[in-house]
A.B. asks: 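What follows is a single structure, and I will ask about it in a moment.
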Amino acid sequence: MSVFAHPDFDGHEQVVFCHDKASGLKAIIAIHDTRLGPALGGCRMFPYASEDEALRDVLRLSRGMTLKSSLAGLRLGGGKAVIIGDPHTGKSQALLHAMGDFVDSLGGRYITAADSGTGDAEMQAFAQRTRHVMGAAPRTTLDGSIVSGDPSPSTALGVFVGLREAVFQRLGRDRLSGLRVAIQGVGHVGLGLARHLKAAGAELWVADVFEANVQRAMDELGVHVVRPQDIYGLGVDVFAPCAMGGILNEQTLEALRAPVIAGAANNQLASPEIGAELQRRNQLYAPDYAINAGGIIDVYYQRIGGSAAQIDAHVRGIAGTLQSIFLRAANEQVPTSVIAERLALERLQQGDMPEQRLHA
Ligand code: NAD
């Protein structure tokens, strides 16, 4: 398998294959771009069917992090790590320590955080071996309570305000009461999003492959549950993908009728052409790395010692970023995905800028 010739290789600065014989760890860390700052991105654990699948994921995800931090106005570059293994059964303390050692060996060029398949416990294990990990320490929220460093509540808030903006732009509704939303995946972010939507009066349909998460959403929020394969074809206003990538593809588009697509999953578009197809079909797509930036914004402020109020204000700013993307896409008659990438690359090419302009 060649990395340099890989179709998803995009001039990545560094790709590290990690193997620890004693614990059985197999992982890949990809540093895509550090022009704006150290490469920060989550560590995903997933039972990839092959090394090639894991490589493809980490190459795409790390590039996505570069675009995400750039668009969100953060002084961070893009990186990501993937551990090949089952997140429910494949974790041992030794494996997590070995991963922490690999992260440490990069000397801060890559900073890790939680992602799908990892959470507070894993970050705390990494933190025993490296200081280049975010989200391992508790912090204070807006209401003064002490919570873990898990950034997924901020991701969920960002998706919620972004979804609300998309609904306003596409459907002209400024209230979410009675809005019909289908959520794919009710894990950390999907459940958080469901809570916000429920509080705003929306009606929810959910699907998840992990029964315990479905049950939790049903018990807590009284959602309708559908089979995972049926989530695309519902007659809803919004489809919110909060599970895995590549779910907007030729097959799913045949069933997908929702006029708004706004969810947390990374790399939702199976290919750039799908973004153009959504535009042609008048389905408003909230570009994934624009709407799901709440988590990276959160860990950025944790890193620089910012306050809960700063995090909240910046995360809520995702609505404004999306509004600019939607308006520019409509004016120029190009897909929202193209505009998001253009804006992110513009800042990347400009390089760093003063802090006050970054957060304006
Ligand atoms: P998670 O692992 O907590 O939740 C994902 C959920 O999706 C799980 O409940 C899982 O069982 C379910 N799922 C997996 N495959 C499915 C399928 N085929 N159909 C239905 N459900 C399925 O992960 P998370 O932290 O909630 O992240 C969700 C997505 O959002 C991921 O793509 C992640 O990369 C992205 N994201 C997360 C954050 C964050 O702060 N956690 C930030 C940005 C982006």
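In what follows, residues are counted from 1 in the order of the sequence shown. When a ligand or atom number is given, it counts from 1 through the structure's own listing order. These figures come from a predicted structure and were not determined experimentally.
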A.B. asks: Has Asp208 got a side-chain atom pairing as donor or acceptor with Val186's backbone, closer than 3.5 angstrom?
C.D. replies: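 At least one qualifying donor-acceptor pair exists.
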
A.B. asks: Output the list of atoms in ligand 1 that are nearer than 4.0 Å to some heavy atom of Ala207, sorted by atom number.
C.D. replies: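 Listed by number with element, the hits are 20 (C), 21 (N).
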
A.B. asks: Give the atoms of ligand 1, by number and element, whose distance to some non-hydrogen atom of Asn213 is under 4.0 Å.
C.D. replies: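 Checking each atom against Asn213, I get 8 (C), 9 (O).
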
A.B. asks: Using a strict cut-off of 4.0 Å, indicate which atoms of ligand 1 neighbour a heavy atom of Phe210.
C.D. replies: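 Going through ligand 1 atom by atom, the ones under 4.0 Å from Phe210 are 11 (O).
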
A.B. asks: Measure from atom 10 (C) of ligand 1 to every heavy atom in Asn266, Ile296, Asp208 and give the option owning the shortest one.
C.D. replies: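 Among Asn266, Ile296, Asp208, the closest heavy atom to atom 10 (C) of ligand 1 belongs to Asp208.
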
A.B. asks: Is any side-chain N of the basic residue among Arg63 and Glu341 closer than 4.0 Å to the acidic one's carboxylate O?
C.D. replies: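 Between Glu341 and Arg63 there is a salt bridge, with a charged N closer than 4.0 Å to a carboxylate O.
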
A.B. asks: If you measure every N/O of Ser116 against every N/O of ligand 1, is any gap under 3.5 Å?
C.D. replies: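 Among all N and O atoms of Ser116, at least one is under 3.5 Å from an N or O of ligand 1.
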
A.B. asks: Consider only side-chain N and O atoms of Asp115 and Thr118, and report whether a donor and an acceptor are under 3.5 Å apart.
C.D. replies: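 There is no such pair (donor and acceptor under 3.5 Å, judged by atom type) between the side chains of Asp115 and Thr118.
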
A.B. asks: For atom 5 (C) of ligand 1, which candidate among Gly185, Cys242, Gly190 holds the nearest heavy atom?
C.D. replies: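 When every heavy atom of Gly185, Cys242, Gly190 is considered, Cys242 comes closest to atom 5 (C) of ligand 1.
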
A.B. asks: Do me a favour and list the nearest non-hydrogen protein atom to atom 37 (C) of ligand 1 with residue, atom name and distance?
C.D. replies: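 Here the closest protein heavy atom is Val189 CG2, 3.8 Å.
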
A.B. asks: Should one rank Met65, His188, Glu211 by closest heavy-atom distance to atom 25 (O) of ligand 1, which comes out on top?
C.D. replies: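 It is His188 whose heavy atom sits nearest to atom 25 (O) of ligand 1.
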
A.B. asks: May I ask you to check whether Lys68 has an N/O atom sitting below 3.5 Å from an N/O atom of ligand 1?
C.D. replies: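 No, no N or O pair falls under 3.5 Å.
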
A.B. asks: Is it true that Asn266 and Asn292 share a donor-acceptor pair across their side chains at a distance under 3.5 Å?
C.D. replies: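 Yes - a donor-acceptor pair under 3.5 Å links their side chains.
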
A.B. asks: Note the single closest protein heavy atom to atom 19 (N) of ligand 1, along with its residue, its atom name and the distance in Å.
C.D. replies: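 For atom 19 (N) of ligand 1, the nearest protein heavy atom comes out as Val209 CG1, 3.8 Å.
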
A.B. asks: From atom 39 (C) of ligand 1, work out which of Thr155, Val206, Leu61 has a heavy atom at the shortest distance.
C.D. replies: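 Going through Thr155, Val206, Leu61 one by one, Thr155 has the nearest heavy atom to atom 39 (C) of ligand 1.
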
A.B. asks: Please list the nearest protein heavy atom to atom 4 (O) of ligand 1 with its residue and the distance rounded to 0.1 Å.
C.D. replies: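 The protein heavy atom lying closest is Gly187 CA, 3.3 Å.
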
A.B. asks: Has Glu250 got more than 12 heavy atoms of other residues, nucleotides or ligands less than 6.0 Å from its CD?
C.D. replies: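 Counting other residues, nucleotides and ligands, CD of Glu250 stays at 12 neighbours or fewer.
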
A.B. asks: Nearest non-hydrogen contact with atom 18 (N) of ligand 1 belongs to which option: Gln229, Met244, Lys80, Met45?
C.D. replies: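 Nearest option to atom 18 (N) of ligand 1, by heavy atoms: Met244.
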
A.B. asks: Starting from atom 35 (C) of ligand 1, locate the nearest protein heavy atom and write down its residue, its atom name and how far away it is, to 0.1 Å.
C.D. replies: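 Of every protein heavy atom, Ala264 O, 3.4 Å lies nearest to atom 35 (C) of ligand 1.
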
A.B. asks: Measure from atom 34 (O) of ligand 1 to every heavy atom in Arg44, His88, Arg216, Gln184 and give the option owning the shortest one.
C.D. replies: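 Checking each option, the heavy atom nearest atom 34 (O) of ligand 1 is found in Arg44.
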
A.B. asks: Any Lys/Arg nitrogen of Arg257 or Asp237 sitting under 4.0 Å from an Asp/Glu carboxylate oxygen of the other?
C.D. replies: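 No.
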
A.B. asks: Taking atom CZ of Phe9 as the centre, does the number of heavy atoms from other residues, nucleotides or ligands within less than 6.0 Å exceed 12?
C.D. replies: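 Atom CZ in Phe9 is crowded, with more than 12 foreign heavy atoms closer than 6.0 Å.
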
A.B. asks: Run the side-chain contact (heavy atoms from CB on, under 4.5 Å) test on Gln169 and Leu284 for me, step by step, so that the C-alpha distance in whole Å, both residues' side-chain angles and the decisive distance to 0.1 Å come before the verdict.
C.D. replies: CA-CA 9 Å; Gln169 294 295 331; Leu284 185 62; 4.0 Å; yes

A.B. asks: Identify the protein heavy atom lying closest to atom 29 (C) of ligand 1, giving its residue, its atom name and the separation to 0.1 Å.
C.D. replies: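 Its nearest protein heavy-atom neighbour is Ala243 O, 3.4 Å.
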
A.B. asks: May I ask you to decide whether Glu254 forms a salt bridge with Arg281, counting only side-chain N to carboxylate O separations under 4.0 Å?
C.D. replies: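 Salt bridge flag = no for Arg281 with Glu254.
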
A.B. asks: Within ligand 1, which atoms have a heavy atom of Ser152 less than 4.0 Å away?
C.D. replies: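 Counting from 1, the qualifying ligand atoms are 40 (O), 41 (N).
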
A.B. asks: Without hydrogens or angle criteria, can the side chains of His132 and Thr112 be said to hold a donor-acceptor pair below 3.5 Å?
C.D. replies: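 No, no side-chain donor-acceptor pair sits under 3.5 Å.
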
A.B. asks: Considering the heavy atoms of Gly117, write down every atom of ligand 1 situated less than 4.0 Å from one of them.
C.D. replies: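 Here the atoms of ligand 1 in question are 2 (O).
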
A.B. asks: With a 4.0 Å cut-off on N to O distance, would you call Arg216 and Asp219 a salt bridge?
C.D. replies: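 Salt bridge between Arg216 and Asp219, a charged N being under 4.0 Å from a carboxylate O: no.
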
A.B. asks: Are the charged groups of Lys198 and Glu203 less than 4.0 angstrom apart, N to O?
C.D. replies: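 Judged by the 4.0 Å cut-off on N to carboxylate O distance, Lys198 and Glu203 do not form a salt bridge.
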
A.B. asks: Side chain or backbone, does Val186 bring an N or O within less than 3.5 Å of an N or O on ligand 1?
C.D. replies: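 No, there is no polar N/O contact under 3.5 Å.
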
A.B. asks: Tell me: protein heavy atom nearest atom 43 (C) of ligand 1, and distance?
C.D. replies: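 For atom 43 (C) of ligand 1, the nearest protein heavy atom comes out as Asn292 O, 3.5 Å.
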
